[in-house]
Amino acid sequence: MTLLWIPLLSLLGSIISSMTGKLTRNQSTRLTMLMPIIALLMTISLAPAVFSGEVIRETFSWIPLLGVDIAFRLDGLALLFVFMILGIGILVIFYARYYLSSNDSMPKLYAYLMLFMTAMLGIVMSNNVIQLWFFWELTSISSFLLISYWWHKPEARKGAIMALTVTGGGGLALLAGLLLLGNIVGSYNLDVILASREIIQAHAWYEVTLILILLGAFTKSAQFPFHFWLPHAMAAPTPVSAYLHSATMVKAGIFLLARFYPALAGTDIWFIIVSLTGLATLLFGAYIALFKHDLKGLLAYSTISHLGLITLLFGLDTKLAAVAAIFHIINHATFKASLFMATGIIDHETGTRDMRKLNGMWRFMPYTATLAMVAAAAMAGVPLLNGFLSKEMFFAETLHQQLLGSMSWLIPVLATVAGALAVAYSARFIHDVFFNGDPIDLPKQPSEPPRYMRVPIEILVALCLLVGIFPNFIIDDILKAASFAVLGGYVPEFKVALWHGFNLPLLMSAFAVGGGLFLYAQRRHLYKFQESLPSLNAKKAFDGAMSAITTWCQLKINAIENGSLQRYLMLIFLVVLLFAGWPLFEMNQLSGQKQLTPIDVHNAMGAALLMVGAICTVIWYRKRVVSLLMISVVGLMVSVAFTRFSAPDLALTQLTVEVVTIILLMLALFFLPQHSPRESSSMRVLRDVGISAGLGIVVASICYALITRPLESISDFFLANAKTGGGGTNVVNVILVDFRGFDTLGEICVLGIAALGIYKLLINLPLFMPTSDSEGRPWAKERYPVLLASISQSLLPLALMVSFYIFLRGHNLPGGGFIAGLVTAVAFILQYIAHGSNWIAERLTINYRKIIASGIAIALFTGVGSWFFGRPFMTTWFDYFDIPLIGEIELASALVFDVGVYITVVGATLMILASLGQLTVNAPKKEVNV
Amino acid sequence: MELLYASCVGLLVACGVFLILRARTFTVVLGLTMLSYAVNLFLFSSGRLSLNQAAVLGYSSGYADPLPQALVLTAIVIGFAMTAFVVILAIRGRADLGSDHVDGSVKDKNEKVKV
């Protein structure tokens, strides 16, 4: 259970911190830090096992049929990332407490941060690629929330949208890639995938899969040409930038490369794509960073460049390069997080991040300046600091590759150039901000920040120094464990040391430092040159592309969606006609092999009545009452047809529903115009006749083709088991209450929901009742005819008895809960018609909502009841009892379920009609134009 | 008889669709009712047509397919619930919008819809 708890604690922290609004800032911070600290301690307790080469796994079955499990896995690589995510996360939370101004909502930031932390932990610990992808998308969404934290600033909103668009788009590519990968291997389990390198790389889909997955990784880790979202994401509060762009968000892309390294790497296409993308990003980022006047802009491009460096390392064809990449992941996280935090302090204390204004800060904040300078030196790769060690390894590895054939020497040269650029922008960070004369027009008088704001930076800078001076003591274990995971169970001999003797990499470092300082000294010429270049604004291009796409979509939407439901229906029917009609033309013969039944007189008469009724409904559709009468003929003939074709249950249901429906429509007509105006043009009528005739012909053809073919049905099972398994001889009813009882439960729920919806729709309905019919004749004075009133009253007990009889025999003969419920409902409706709802209300107070609820509850608990006997949901039970005088009777739990059905049907039907009928009593009488 | 049955279903579909394509809510409700007759008959017929073979054990030698019947039975009840919902929606729509046109109001044909 331990593994699951790590992301779970962080998620819990997110919920807790979102509720700390009423607490003081310190309390809120402590409470938020608590959960990740517990998670960190748990991780530390697991670390020794992982260092010894063990992989800790935990799996919870979720959708086994699809091969999707909730699966966690902690190996060396995951452990390294969990340490970084939790460790730097805790420092960022602590730092944010001092960074945020009193206007900013702290619980909001903390809740988002912890959500993001959960997502990151989920990515690195997933043992199922679908689950990994889920968390991947969760980082996109939570980073969107974090970047848009200051949502009132337009640049924050734009930056957030840009980040979401690019990383979300990459996420879709990643999903496609992971699905392909799962298909190739036959499992979504990461263990299986990582062990199937040969199968994957020999497969025809390998290239496509690789490119899709790399697209996901490159967009996330801001590789050229997808880098442009990262600088705009700097609109986020600085603690967020420190977290997202040092140890987490962008590192998720790098993590993906490392995670799938054992399965996907090793081919030429991997080396070419990954290394060249990395190289381009490394150079481009380092070059642009030099020209950024905004401190965070400089750091953003430097981040892009370092991510390029790590990507390039993964793309080099040596084992040691992968080790160096992992080493640099750690180092970059430490120095970049501390630099972002230092920038935050400078911004916080001076009110600006513009390096043209910031000068000579050394005098105002010497302590912060020292910390920032050490971190920047690590970024530049100065000896005695961690950045130097991984950069040395990087230089060494660039010498051992054959990537570009005879031009392979270019890579170490370009690497040195990038190193020089890194030294140059680091020098600028130090010299421009802390020295270089006096500050210009600062919004605030600068001073040292609160004591504790520096603590996170102190810890990180101490790490930079310790790793830089005693590499073996600090990071040997974790580096070996992570390399073991990335290289698939093999760690090459390597020694991280400060001093390897005089060799080529040291010379490259020396060139880089010298060249970088020279570049910085000559910066004025460089700036001038850069300014003379045509400016290429990624944001403008992105905005242009986005607005072009949205405008295009809007145009298309407007063309189709003009607000007319009539038109949508026409289009839908046209599409149905096309898709249902097309396959008919590809069929060779319409009629099947089944022996046709001859037409007899009864059937012919019934069909004729039905057709006449249907046609008359259409012909007289403007006279609404007449067409309502006509359609009731059709309904009646449908129930006759059910009787004729061996479906007595259906006939009974249809008959009762028909009665209820016609009463309902009559009532409704009372509140609606009695006539439809003539408004369709002849062309419109012609068109609609065409569409409806076409659909009629298509459906008739399909129906004919269907019923003339022999039947292969699964119903033999139901027929064979109805008596023995369900205890009833009426198979239709046994199916309803037993075999497919779960469906029926759903259906009575729908019935209940519809009734509640109607109840809601009728509340506060501003309704006007006509005082006369459409021809101006007033309504009859006698609202409730005496004859009907007296007959209906005596009919009620009779009807109730019939419905009780129908209900009881339902399991063995036609009948059952649905039909009995409808019969009962009709009997009550008759009372409403005969006496009016006030008369009923005086004698009977019924809350139909409670009736519906109790009906559904009875049906539900009958299903749940089988749990108490150790059976699955809705298992039915029945037995026969011999009762004196009455004889043998059968008791079945399905009967109780049918009671639930019965009650729901009665409640829902009566609620619908009674609520509408009530309106005729309550509505203000007022003439309306009909 | 199969031909006659299929023609009836087809005619009901045609009449139902035509009514649904009209502009007033009540007519659309009638069309929906008609269409649900057609759909129920169609689904029912997927168990093929048989005379005097109700699926009640012990009363005949062969049995009609009970599964489509069970499905159609619930479909009839739910169809009623939906018809009821739509017709009440129509009443509500007319009360709130002052018109029983399906688009909410009768639009001038030259007027462009604003988005």
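Naming convention: chains lettered A, B, ... in sequence-line order (proteins, then strands); numbering from 1 in each chain. Heavy atoms only: backbone and side chains are in, while hydrogens, waters and symmetry mates are out. On a predicted model such as this, the values are computed, not experimentally measured, just so you know.
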What pair of heavy atoms forms the shortest contact from A/Pro648 to B/Ala54, and how long is it? CD-CB, 3.7 Å
Heavy atoms of other groups near A/Tyr759 OH, more than 12 under 6.0 Å: no
Please classify the contact of A/Val698 with chain B as side chain, backbone, both or neither, using a heavy-atom distance under 4.5 Å. neither
Report yes if some heavy atom in the side chain of B/Leu30 is under 4.5 Å from a heavy atom in the side chain of A/Tyr621; otherwise report no. no
Please lay out, stage by stage, how A/Val750 and B/Met82 fare under the test side-chain contact (heavy atoms from CB on, under 4.5 Å). CA-CA 9 Å; A/Val750 174; B/Met82 288 303 116; 4.0 Å; yes
Mark yes or no for whether B/Arg48, through its side chain, and A/Arg709, through its backbone, hold a donor-acceptor pair below 3.5 Å. yes
Hey, which of A/Pro598, A/Gly728, A/Ser915, A/Pro677 has the most heavy atom pairs under 4.5 Å with chain B? A/Pro677
So, taking the atom named CG in A/Leu628 and the one named CZ in B/Phe26, what distance separates them when rounded to the nearest 0.5 Å? 5.0 Å
Answer yes or no: is there a side-chain heavy-atom contact under 4.5 Å between B/Phe18 and A/Ile691? no
With respect to chain B, which residue among A/Asn733, A/Thr643, A/Leu667, A/Val634 yields the maximal number of heavy-atom pairs within a distance under 4.5 Å? A/Val634
Under 4.5 Å from any heavy atom of chain B - which part of A/Phe818: side chain
I'd like to verify something: which residue of B/Ala81, B/Ala70, B/Pro66, B/Cys15 has the highest number of heavy-atom pairs under 4.5 Å with chain A? B/Pro66
Close side-chain approach of B/Leu12 and A/Val699, heavy atoms under 4.5 Å: no
Chain A interface, residue from B/Val87, B/Asp65, B/Leu19, B/Thr83 that has the most non-hydrogen pairs under 4.5 Å: B/Asp65
Supply the atom-to-atom distance A/Ile702 CD1 to B/Ser46 OG, rounded to the nearest 0.5 angstrom. 13.0 Å
Pairwise side-chain contact, A/Phe739 with B/Leu67, heavy-atom cut-off 4.5 Å (strictly under): no
Tell me whether B/Arg24 contacts the main-chain N or O of A/Ser676 through its side chain, where contact means a donor paired with an acceptor under 3.5 Å. no
Residue pair B/Leu11 / A/Ala614: nearest heavy atoms and the distance that separates them: CD2-CB, 4.2 Å
Distance-minimising heavy-atom pair for B/Arg92 and A/Ile763: NH1-O, 2.8 Å
Residue, of A/Val618, A/Ile599, A/Ile758, A/Leu565, that accumulates the most heavy atom pairs under 4.5 Å with chain B: A/Ile758
Heavy-atom contact with chain A under 4.5 Å, split by part of B/Asp100: side chain
Holding to salt bridge (charged side-chain N to carboxylate O under 4.0 Å, His left out), I want the full list of residues that pass it with A/Asp688, two or more places apart in sequence or in another chain. B/Arg22
List the steps, then state whether side-chain contact (heavy atoms from CB on, under 4.5 Å) holds for A/Thr617 with B/Met34. CA-CA 9 Å; A/Thr617 313; B/Met34 189 89 92; 3.8 Å; yes
Considering all heavy atoms, the nearest A/Leu711-B/Gly47 contact: CD2-O, 3.8 Å
Heavy-atom cut-off 4.5 Å, strictly under: side chain, backbone, both or neither for A/Val660 against chain B? both
Tell me, side chain or backbone of A/Ile748 under 4.5 Å from chain B's heavy atoms, or both, or neither? neither
Side chain, backbone, both or neither: which part of B/Leu73 has an atom under 4.5 Å from a heavy atom of chain A? both
Examine whether an atom of A/Leu756 lies under 4.5 Å from a heavy atom of chain B, and if so say whether it belongs to the side chain, the backbone or both; otherwise answer neither. neither
Part of B/Leu89 lying under 4.5 Å from any heavy atom of chain A: both
Per-residue contact mode, A/Ile697 against chain B (heavy atom under 4.5 angstrom): neither
I'd like to know whether NZ of A/Lys594 has more than 12 heavy-atom contacts from other residues, nucleotides or ligands below 6.0 angstrom. yes
In A/Thr656, A/Val657, A/Val905, A/Thr653, the residue satisfying side-chain contact (heavy atoms from CB on, under 4.5 Å) with B/Phe80 is A/Val657
State, yes or no, whether a side-chain contact exists between B/Ile20 and A/Phe573 at a heavy-atom distance under 4.5 Å. yes
Looking at side-chain heavy atoms only, is the closest gap between A/Leu916 and B/Ile91 below 4.5 Å? yes
Using atom types as modelled and distance alone, determine if a side-chain donor or acceptor of A/Asn730 lies under 3.5 Å from a backbone N or O of B/Val56. no
Determine the option with the most heavy-atom pairs under 4.5 angstrom with chain B, choosing from A/Glu658, A/Arg622, A/Met637. A/Glu658
Output the option from B/Leu41, B/Asp96, B/Leu71 having the highest count of non-hydrogen pairs under 4.5 Å with chain A. B/Leu41
Less than 4.5 Å to any heavy atom of chain A: does that hold for the side chain of B/Val28, its backbone, both, or neither? neither
CG (B/Asp103) and CZ (A/Arg567) are apart, to the nearest 0.5 Å, by 11.0 Å
With A/Arg644, which residues qualify under salt bridge (charged side-chain N to carboxylate O under 4.0 Å, His left out), at least two apart? A/Asp600
Part of A/Ala668 within contact of chain B (heavy atom distance under 4.5 Å): both
Would you mind telling me which of B/Val9, B/Thr27, B/Val29 has the largest number of heavy-atom pairs within less than 4.5 Å of chain A? B/Thr27
Determine the option with the most heavy-atom pairs under 4.5 angstrom with chain A, choosing from B/Val102, B/Thr25, B/Thr74. B/Thr74
Which atoms of B/Phe85 approach chain A - backbone, side chain, both or neither, heavy atom under 4.5 Å: both
Just wondering, do B/Tyr37 and A/Ile631 contact through their side chains at under 4.5 Å, heavy atoms? yes
With a 4.5 Å limit on heavy-atom distance, are the side chains of A/Phe642 and B/Ile76 in contact? yes
Whatever's closer than 4.5 Å to a heavy atom in chain B on A/Leu664 counts as side chain
Need one label for B/Leu51: side chain, backbone, both or neither, based on atoms under 4.5 Å from any heavy atom in chain A. both
Between the side chain of A/Ser646 and the main-chain N/O of B/Ser50, is any donor-acceptor distance below 3.5 Å? yes
Quick check on A/Asn812 against chain B: is it the side chain, the backbone, both or neither that has a heavy atom closer than 4.5 Å? backbone
Please check if any side-chain donor atom of A/Thr708 sits under 3.5 Å from a side-chain acceptor atom of B/Glu2, or the reverse. no
Could you please spell out the steps behind the side-chain contact (heavy atoms from CB on, under 4.5 Å) verdict for A/Asn603 and B/Tyr5? CA-CA 9 Å; A/Asn603 289 345; B/Tyr5 188 93; over 6 Å; no
Taking atom CZ of A/Arg624 as the centre, does the number of heavy atoms from other residues, nucleotides or ligands within less than 6.0 Å exceed 12? yes
Sort B/Leu49 into side chain, backbone, both or neither according to what part of it lies under 4.5 angstrom from a heavy atom of chain A. both
Just verifying a value: how many Å separate B/Asn52 CG and A/Phe645 CZ, rounded to the nearest 0.5 Å? 11.0 Å
Smallest separation among heavy atoms of B/Phe44 and A/Ala647, with atom names: CE1-CB, 3.5 Å
